[in-house]
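Each chain gets a letter, A, B and so on, in the order the sequences are listed, and its residues count up from 1. Heavy-atom basis, side chains included; hydrogens, waters and symmetry copies ignored.
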2 protein chains.
Amino acid sequence: MQRSDTPVYLQVRDQLWQWIQKNQLGSQERLPAERELAKHFNTTRVTIRQALGQLEAEGRIFRSNRRGWYITPRRLTYDPSLDIGFYNNVTEQGLTPGTETLSKFLIEVPDWLTEISGLAEGSSIYYVLRRRSIDHRCVVVEHNYINPKSCPGLLDQDTDLSIWQLLREKYNLVPGQRNIEIFPQALTGDEADALGVNSGSAGLYMQRLTLDKSGVFLEYDREYWLHDALKVIVQVNEK
Amino acid sequence: MQRSDTPVYLQVRDQLWQWIQKNQLGSQERLPAERELAKHFNTTRVTIRQALGQLEAEGRIFRSNRRGWYITPRRLTYDPSLDIGFYNNVTEQGLTPGTETLSKFLIEVPDWLTEISGLAEGSSIYYVLRRRSIDHRCVVVEHNYINPKSCPGLLDQDTDLSIWQLLREKYNLVPGQRNIEIFPQALTGDEADALGVNSGSAGLYMQRLTLDKSGVFLEYDREYWLHDALKVIVQVNEK
DNA sequence: AAGTGGTCTAGACCACGTG
DNA sequence: ACGTGGTCTAGACCACTTT
């Protein structure tokens, strides 16, 4: 095993991936235990875990806390400029969506949001915290801040469904301009806990500021995604 | 150190970050050696490296191969829908850009690109491979594929500058529609080597397909970024 | 030559998930 | 109760960078 000059853990990574493909492990199927792999590859758990970490970073496998390692499902294709909603987006791609509302409140506008939203200091805003899953795997935590003036009574609705569908159908609101911000960021603290992953797991952060057709602040949201769960596509035209 | 129930490496992470802030370590400044940190925190290098790995995942520090750990510079804000070019984009944000052309050729269109580009099988295309840096830190590897029919002789120009500026100024070409795809992906193999990072380092993959104003294929590129080097912003309007 | 991070060993105990 | 991954120890040698 140690004859070439590539590190053992990269050799293990490649052989393990070959093994996975040969045995045709499919989405969400479980890998052998780390100790078994260590015995099979005649090395220690530390090195095995380094190899597993590589495959994890590449998005090929993921871990479920103290349960084991599993094959990563294919990425969801996600167009943040559209409003087809999570449920439709996921089902259209042949996957099973799930949404849980973890909390929803009418809160005072946080300081950092007053400037962004243009809402007056001390005024109120709807806050909805949701966790969403694909094929029973939690993939994203979403913080929504919605202008209550545009949609009074929103929180009495079922927020496990698409908020944008509610806004469109019950309140006749349609999004206009959107400012989107995306960057890789590790999941830590509350977000890591909510998704059941370890602190430091790779993630993708996305935030959207949405105004309605007349330029009034409508919604602001922050989404914390597992790094391997999605592919973002956007279509733009030159300004 | 071990009295609470949070793991040691997370405690070390937090204390180390506090120490960094107290000592006001700035962009690209070096941290103490791992062995020193291990002694100071009265633990082993393994645990120290776990703590450093957390800060790395969070984008706060980065490693330079066998040289040490350094403070991450702030992220570049990058709008892929614009064409201000890397050089301008970076300098406008008070940073120092650098570009190296690693190779440039007229090649046969790869199979996977024929369908995307609409170019005939067996026809030719310009290929440019570049590596770019911010404040002397390599942050992205870029593969460009450009339609030679639109810009004959392009490769005789200096490709260390903005290709889009060349296209605009010398060939009078302006981008029209753009299809962009973005997702987190570990850097491995050639890309990791080119950026001088370890295989499995967190990265962001971005590809763009650009047509000109009349809908003709103009350019396709694949960019492999360090995960902590950029923040993508896009502005879209509802369709 | 000395110092650095990169890799690897051979264990150990713990917390948690599953039966 | 048992098996799992999560954490941690106390070393070792190597490859590379810097002095």
Below 4.0 angstrom, which residues in residues 42-51 of chain A have at least one non-hydrogen atom near DNA chain D? A:Arg45, A:Arg49
Output yes when at least one side-chain N/O atom of A:Tyr9 is less than 4.0 Å from OP1 or OP2 of C:dC8, else no. no
Check for me whether the distance between the ring centres of B:Phe105 and B:Tyr127 falls short of 6.0 Å. no
Between A:Arg67 and C:dT18, does any side-chain N or O lie under 4.0 Å from OP1 or OP2? yes
Under a 4.0 Å threshold between the charged nitrogen and the carboxylate oxygen, would A:Arg132 count as salt-bridged to A:Glu142? yes
Do side-chain atoms of B:Asp79 reach the backbone of B:Ser81 as a donor and acceptor pair under 3.5 angstrom? yes
Salt-bridge present (B:Arg178, B:Asp83; N to O < 4.0 Å): yes
Once you round it to whole Å, what is the distance between C1' of D:dG3 and CG of A:Leu37? 15 Å
Aromatic ring proximity, centroids under 6.0 angstrom, B:Phe183 and A:His227: no
Is atom OH of A:Tyr87 surrounded by more than 12 heavy atoms (other residues, nucleotides or ligands) closer than 6.0 Å? no
If you pin A:Asn65 and B:Leu31 to their nearest nucleotides in DNA chain C, which one's is more 5'? B:Leu31
Please give, in whole Å, the distance from C:dG5 C1' to B:Phe62 CZ? 14 Å
Quick one, A:Val232 and A:Val234 - any side-chain contact, counting heavy atoms below 4.5 Å? yes
Give the residues of residues 189-198 of chain A touching DNA chain C, defined as any heavy atom closer than 4.0 Å, sorted by residue number. none
Sorted by position of nearest nucleotide on DNA chain C, 5' first, the leading residue of B:Glu36 and A:Arg35 is B:Glu36
Determine whether a donor-acceptor pair (one donor, one acceptor, N or O, separation below 3.5 Å) exists between the side chain of B:Arg66 and the base of C:dG3. no
For B:His143 and B:Tyr224, I'd like to know if the aromatic rings sit close, meaning centre-to-centre distance below 6.0 Å. yes
Gap between atoms CG and C1', on A:Leu10 and C:dG6 respectively (whole Å): 11 Å
Rounded to whole Å, how long is the line connecting atom CZ of A:Arg63 with atom C1' of D:dG5? 9 Å
Given atom CZ of B:Arg30 and atom P of C:dG3, what is their separation to the nearest angstrom? 12 Å
Could you check whether atom OH of B:Tyr205 has more than 12 heavy atoms from other residues, nucleotides or ligands sitting under 6.0 Å from it? yes
Note down the inter-axis angle between the two ends of the helix from C:dA1-D:dT18 to C:dT18-D:dA1, five pairs each, to the nearest 10°. 10°
Rounding to a whole Å, what distance do you find between A:Glu34:CD and C:dT9:C1'? 16 Å
Just say parallel, tilted or perpendicular for the rings of A:Tyr145 and A:Trp112, cut-offs at 30° and 60°. perpendicular
A:Tyr78 vs A:Glu223, test: side-chain hydrogen bond (donor to acceptor under 3.5 Å, both in side chains). Steps then yes/no. CA-CA 12 Å; A:Tyr78 180 66; A:Glu223 304 178 7; 3.2 Å; yes
